[in-house]
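Accompanying notes for the structure given below.
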2 protein chains.
Amino acid sequence: MIKSLYYRVKGFLTPRPSSRAFRTNGETVSDQPNTPTLMFVAHRHAESRILAHLAKHGFDDLTPAQARVAARLNPAGMRLTTLAESAGLSKQTAAHLVSQLERSGYIVRVPDEADARAKLIRVAARGQAAQRCAREMEAEIESEWRDYLGPRRYTGLREALAELRAITDPYM
Amino acid sequence: MIKSLYYRVKGFLTPRPSSRAFRTNGETVSDQPNTPTLMFVAHRHAESRILAHLAKHGFDDLTPAQARVAARLNPAGMRLTTLAESAGLSKQTAAHLVSQLERSGYIVRVPDEADARAKLIRVAARGQAAQRCAREMEAEIESEWRDYLGPRRYTGLREALAELRAITDPYM
DNA sequence: TCATTGTAGTCAAAGGATTTGACTACTCGC
DNA sequence: GCGAGTAGTCAAATCCTTTGACTACAATGA
């Protein structure tokens, strides 16, 4: 028996409500996509809520791609190539988004003392404010997830995802 | 003590190796991003491998966005609106991608008997072949992840993700 | 020292993806 | 039938990403 398709109700193992097809208006839709797709769905949900939260607090000039790349920046400063690699973008795409973020006042580019070819991308005051704003919603979402799954399972989820980085994140 | 930052080695609780900063060439990079970002990283890895696998087997005219939308189709047929909603796209974007997929022979649009306004998007033979091809790599990735995390933790990951759909997937 | 090789970042053009707003055709409930 | 709502389309504008070529500086080793 495939255990994961069942759950416990009043002491019995019962098919999950989600394991039926739904929307049966002439079309049928199978459920439980593969694991990567499940990750995509949850990520998209979180991202759009964070973006909406930012927009509501005055950071309404951030596009999704800009926000995604800005989320990886730390105050200490980062090189473009490192940023691109960590965000999974080409240097050109990263440079394009960084230029937009610079124009909007979220970041600044300063020379890198250690290497005259390089520049450090630093989070400006406005960028730090945006990061704080984003972190508010992130915390809210994570606590919703923790409440829904329970602390034990939520921690397990996070740890499993963190460890998967070792075999999925080319930046590591 | 924050438990999740520690792991068990030879009976002791030890800081995770990943909880140091890395890339210390003048820049520092903090690690362990938030949970949604961890999901994003793993999903991106899987998606690009699936796309590469498809390209290697003759499905090299699929763009990422096309593949993402095609992955949600089932052979029974689906309406555009349903597809758009399930993929998290606007109707217009979905229609655009579906037209491309139709031109490339992956899907066909047939009238919906139940509603003269609607059409059913059906996966054509080429589309079914592509879906089989994609599923090969999906299975490979899932089994790698299972091997890496162990069956127990992998199942926990999958179940947690599946249950999160209830509060993150507007389509459900 | 100087030539070679490689890395950091930029420019520009092309194409792909997505949104916005307006529109037609059809359905459903009253 | 009539009004409100739904399924899908058209077109324009914008955003995102890739490709290829390029400049400037760094690191290596003869």
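Lettering follows sequence order; numbering is per chain, from 1. Because the structure is predicted, anything quoted here is derived from the model rather than measured.
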Selected nucleotide, minimal atom distance to [X] side chain, candidates [options]:
X: B:Arg79; options: C:dT10, D:dA7, C:dA8; result: D:dA7
X: B:Asp115; options: C:dC26, D:dT9, D:dA26; result: C:dC26
X: A:Ala118; options: D:dT17, C:dT18, C:dG9; result: C:dG9
X: B:Thr81; options: C:dT18, C:dT19, D:dG8; result: D:dG8

Nearest-Å distance for atom pair [atom1]/[atom2], residues [X] and [N]:
X: B:Gln92; N: D:dG8; atom1: CD; atom2: C1'; answer: 9 Å
X: B:Glu85; N: D:dA7; atom1: CD; atom2: C1'; answer: 13 Å
X: A:Glu113; N: D:dC25; atom1: CD; atom2: C1'; answer: 15 Å
X: B:His96; N: C:dG16; atom1: NE2; atom2: P; answer: 9 Å
X: A:Leu97; N: C:dT10; atom1: CG; atom2: C1'; answer: 15 Å
X: B:Leu51; N: D:dT18; atom1: CG; atom2: P; answer: 11 Å

Quick one: does any side-chain atom of [X] pair with a main-chain N or O of [Y] as donor and acceptor, under 3.5 Å?
X: A:Glu163; Y: B:Leu149; answer: no
X: A:Gln131; Y: A:Leu73; answer: yes
X: B:Glu142; Y: A:Thr35; answer: yes

Inset, instruction - Only counting residues at least two apart or in another chain, list the ones meeting ring pair (Phe, Tyr, Trp, His ring centres under 6.0 Å) with A:Phe40. - result: B:His43
So, does [X] get its side chain near the phosphate of [N], meaning an N or O under 4.0 Å from OP1 or OP2?
X: A:Gln100; N: D:dC16; answer: yes
X: A:Arg109; N: C:dT10; answer: yes
X: B:Lys91; N: D:dT6; answer: no

With sequence neighbours excluded, residues passing side-chain contact (heavy atoms from CB on, under 4.5 Å) with [X]:
X: B:Glu136; answer: B:His53
X: B:Ala129; answer: B:Phe59, B:Arg132
X: B:Ala70; answer: B:Leu101

Inset, instruction - Sort and list the pairs that fulfil ring-ring contact (aromatic ring centres under 6.0 Å, His included) and have at least one residue in residues 125-160 of chain A, not counting sequence neighbours. - result: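 Non-adjacent pairs meeting ring-ring contact (aromatic ring centres under 6.0 Å, His included): zero.
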Legend entry - Pair listing, salt bridge (charged side-chain N to carboxylate O under 4.0 Å, His left out) test, anchored in residues 90-106 of chain B, at least two apart: B:Glu102-B:Arg109
Using nucleotides 5-7 of chain C, report all nitrogen or oxygen pairs with the protein that are shorter than 3.5 Å.
unit_1 : atom_1 : unit_2   : atom_2 : d
C:dG6  : N2     : A:Arg117 : NH1    : 2.8
C:dT7  : O2     : A:Arg117 : NH1    : 2.7

Legend entry - Comparing A:Gly88 and A:Ala116 on DNA chain D - which has the more 5′ nearest nucleotide: A:Gly88
Inset, instruction - Let me know, please, whether A:Thr93 or B:Leu80 comes out on the 5' side of the other along DNA chain D by nearest nucleotide. - result: B:Leu80
Among all residues two or more places apart in sequence or in another chain, which pass the salt bridge (Lys or Arg N to Asp or Glu O under 4.0 Å) test with [X]?
X: B:Asp147; result: none
X: B:Glu138; result: none
X: B:Arg122; result: none

Legend entry - Nucleic acid contacts of residues 60-69 of chain B, taken as heavy-atom distances under 4.0 Å to DNA chain D: none
Legend entry - Axis-to-axis angle between the two ends of the helix from C:dT1-D:dA30 to C:dC30-D:dG1 (five base pairs per end, rounded to 10 degrees):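 Overall, the helix from C:dT1-D:dA30 to C:dC30-D:dG1 bends by 30° from one end axis to the other.
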